[in-house]
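Each remark here refers to the structure printed beneath this line.
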Amino acid sequence: MKTNRLRDSLIIFVLSALFIAIIYTNNPDRIITLRLGVYAGSSWDVPYADSYHLVDQIIKAFEKKHPHVKVKYVSGITKEDYSSWLSDKLIQGQQCDVFMVPTDDFNLLSDTSGLENLNSLIGNSYTDVKAFYPSALAAGEVNNRVYALPFESNPMMMCVNMDLLKKEGINLPSQNWTFQDFYKICRKVTKDTDGNGELDQFGVTGYTWQEALEENGAALFNDDGTECYLNSEKVRKALSSYARLVALNGHIKVSQSDFDTGKVAFMPMSLAQYRTYRSYPYRVSRYSKFRWRSVPMPGSSRYKIHMPTTLFAISSHSSHKQAAWLLLNDLTLDVHNQQALFKESSGSSVLKKVMTSKTTQKILKNDNMGSQVLTSQTINQMMTSSSSSPHFKKYNEVMELANNEVTLAIEQGSLDSDLPSIESRIENMLTK
């Protein structure tokens, strides 16, 4: 009898606790708090006066639509410290409900259990996510599983010294120029202009062998990161073309300051850099000595060019996933917020509808860029023909090795003999 009373009491206690929990959870007046993880400043290492202004505006509108949800974030975390801060939070199981994922951190984070698989939350809303540029959406997707949605992209373009080309009697490159066109112009402008026997005018600075691979249609890895193609015929041919380009400069290391002083025809530049340095006062302090503009990267009309993209993800440990999903939607898919992002920040929106809008065209014209210097159609073309980085855990690690070894081999003129051993070392890293 005593045992039965104890059992009945226990059942009543459990049912009461369950009832209270249901009432509490479904109480429309209950206020929940979402924690948002963001860093201060620009994602693209350019000046950004008040990066929290946009976030504050988005939160204010979100809380007005959802009065039972409050959003809080910790301010003052710099981009340089953010990755370490985020890693510590993940290890401690204290990550924010919704948090920003920098471009270089996604591959590692997606391999942990810290990111929520968004497929079930997206559900039948794939129509909505198709509003993103495909490469931007792919930046947060692994094996058909979406772990993060894109927030801001930063397509690459080629900055051109128009005065130098005019002096040499060379027309501005077309939208569809190739790597071969690029090489021919660099060869023509690289010369000794003062007759002292040394080169003092050059074709390009800041152009990398990775960009040469992309613009010649050569991939370095397969999608899964199980194979390396460094010693393949296509990659060898692209690297050989890049080595010939570098050789034009003799043994002189051409720097960005050479471009700034008008001695170089081309320099790769991101959209964020372009928008920053076209605007007062940076325009005056940076490139006021010559006329310049940007064109798509050579070869981009035929091949996919890598486009960095920042993302937002939901913590797999969040207790408020549905509310977090609503906030994630407002940050990434809301046209009004993404239009405001393009106006306030320096990168590009990840929505096609925003980048082709009349408002975007007006912003570009009012950005002291001129009506035809860089149009929304040109940016749309660049973003449509772009790609995201491969998504395998060791990507950053093997790329660091490849960059060091290939750069050294090019400098020493030993590419042909070195590529097999470099490829072998990379494959060993991939299989460990």
Side-chain angles (χ1 to χ4, degrees), residues 35-45 73-74 77-119 121 132 135-154 208 210 214 219-228 230 306-318 321 324 328 331-332 347 350 386-405 425-432:
R35 293 170 299 150
L36 177 65
V38 292
Y39 49 74
S42 167
S43 296
W44 317 117
D45 300 324
Y73 64 87
V74 178
I77 304 170
T78 65
K79 183 190 170 195
E80 290 71 26
D81 294 333
Y82 183 78
S83 294
S84 176
W85 174 84
L86 184 59
S87 297
D88 289 343
K89 292 296 181 185
L90 286 167
I91 292 171
Q92 297 165 8
Q94 298 177 353
Q95 62 265 46
C96 295
D97 298 281
V98 180
F99 53 93
M100 185 176 278
V101 180
T103 296
D104 293 339
D105 289 355
F106 177 73
N107 286 353
L108 184 61
L109 291 175
S110 64
D111 198 57
T112 70
S113 58
L115 306 187
E116 177 73 9
N117 181 346
L118 302 178
N119 285 31
L121 291 167
F132 293 123
S135 57
L137 179 62
E141 193 174 20
V142 181
N143 297 328
N144 297 318
R145 291 190 290 271
V146 180
Y147 289 104
L149 293 185
F151 177 64
E152 183 181 14
S153 289
N154 193 19
T208 68
Q210 294 95 329
E214 292 176 351
L220 201 54
F221 303 102
N222 63 350
D223 290 341
D224 298 330
T226 56
E227 295 182 39
C228 177
L230 184 62
H306 172 234
M307 180 174 69
T309 298
T310 55
L311 308 156
F312 270 102
I314 295 176
S315 166
S316 59
H317 300 294
S318 173
K321 289 192 176 66
L328 183 64
L331 287 163
T332 60
V350 291
S386 62
S387 67
S388 62
S389 300
H391 290 320
F392 55 89
K393 183 180 178 180
K394 295 183 179 179
Y395 177 74
N396 293 346
E397 185 180 356
V398 294
M399 277 306 298
E400 183 178 358
L401 170 67
N403 188 43
N404 292 337
E405 296 296 323
R425 291 177 61 191
I426 291 174
E427 288 181 337
N428 286 337
M429 290 178 68
L430 292 173
T431 55
K432 283 184 179 177

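All of these numbers come straight from a predicted model, not from anything done at the bench.
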*Decide side-chain contact (heavy atoms from CB on, under 4.5 Å) for L220 and L230; before the verdict, give the C-alpha distance in whole Å, the side-chain angles of both, and the deciding distance to 0.1 Å.*
CA-CA 6 Å; L220 201 54; L230 184 62; 3.6 Å; yes
_Stepwise side-chain hydrogen bond (donor to acceptor under 3.5 Å, both in side chains) check, T78 with D81_ = CA-CA 5 Å; T78 65; D81 294 333; 3.1 Å; yes
_Evaluation steps, side-chain contact (heavy atoms from CB on, under 4.5 Å), between L331 and V98_ = CA-CA 10 Å; L331 287 163; V98 180; 4.1 Å; yes
_Audit row: E152, T310, side-chain hydrogen bond (donor to acceptor under 3.5 Å, both in side chains) steps and yes/no_ = CA-CA 5 Å; E152 183 181 14; T310 55; 4.5 Å; no
*Go through E141 and Y147 one step at a time and tell me if the side-chain contact (heavy atoms from CB on, under 4.5 Å) criterion holds.*
CA-CA 6 Å; E141 193 174 20; Y147 289 104; over 6 Å; no
*Could you go through the side-chain hydrogen bond (donor to acceptor under 3.5 Å, both in side chains) check for H306 and S389 one step at a time?*
CA-CA 7 Å; H306 172 234; S389 300; 2.8 Å; yes
*Applying side-chain hydrogen bond (donor to acceptor under 3.5 Å, both in side chains), run through S387 and S135 and close with a yes or a no.*
CA-CA 5 Å; S387 67; S135 57; over 6 Å; no
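Looking at heavy atoms from C-beta onward, L401 lies in side-chain contact with I426 at the 4.5 angstrom threshold. At a threshold of 4.5 Å between non-hydrogen side-chain atoms, the residues W44 and T103 count as touching. Taking the side chain as every heavy atom from C-beta outward, F312 and L149 never approach each other to under 4.5 Å. Within the 4.5 Å cutoff, the side chain of D97 has no heavy atoms near those of the S315 side chain. By the 4.5 Å heavy-atom criterion applied to side chains, F151 and M100 are counted as neighbours. The shortest distance between side-chain heavy atoms of N107 and K393 does not fall below 4.5 Å.
One finds the CG atom of L121 at 8.5 Å from the CG atom of L328 (value rounded to the nearest 0.5 Å). In this structure, CD in Q95 is found 10.5 Å from OG in S87, a value given to the nearest 0.5 Å. Residue L118 holds its CG atom at 10.5 Å from NZ of K321, rounded to the nearest 0.5 Å. From R35, atom CZ reaches atom CZ of F99 across 10.5 Å, with rounding to the nearest 0.5 Å. To the nearest 0.5 Å, atom CG of residue L90 and atom CG of residue L109 are 6.0 Å apart. Atom-to-atom distance recorded for K394:NZ and T226:OG1 is 12.0 Å, nearest 0.5 angstrom.
Salt-bridge annotation for D45 and K79: present, with a side-chain N of the basic residue lying under 4.0 Å from a carboxylate O of the acidic one.
When atom types are taken as modelled, the side chain of N154 and the backbone of P308 share no donor-acceptor pair closer than 3.5 angstrom. Formation of a donor-acceptor pair under 3.5 Å by the N404 side chain with backbone atoms of M399 is not found in this model. Side chain of H317 to main chain of E116: no donor-acceptor pair is present (N/O by atom type, distance under 3.5 Å, no hydrogens or angles).
In plain terms, the two heavy atoms of C96 and L36 that are nearest each other are SG-C, 3.8 Å. Contact detail for V146 and N119: the closest heavy-atom pair is N-OD1, 2.8 Å. Shortest non-hydrogen contact noted between M307 and S386 is CE-OG, 3.4 Å. For the residue pair T309 and A139, the shortest heavy atom distance occurs at CB-CB, 4.0 Å. Closest heavy-atom contact between V398 and F392: CG2-CE1, 4.0 Å. F106 and A148 get closest at one heavy-atom pair: CE1-CB, 4.1 Å.
Residue N428 qualifies as enclosed at atom CG: its count of foreign heavy atoms under 6.0 Å is above 12. No more than 12 heavy-atom neighbours from other residues, nucleotides or ligands sit within 6.0 angstrom of CD on E400.
Partners of Y39 according to the ring-ring contact (aromatic ring centres under 6.0 Å, His included) rule, which considers only residues two or more places apart in sequence or in another chain, are Y82.
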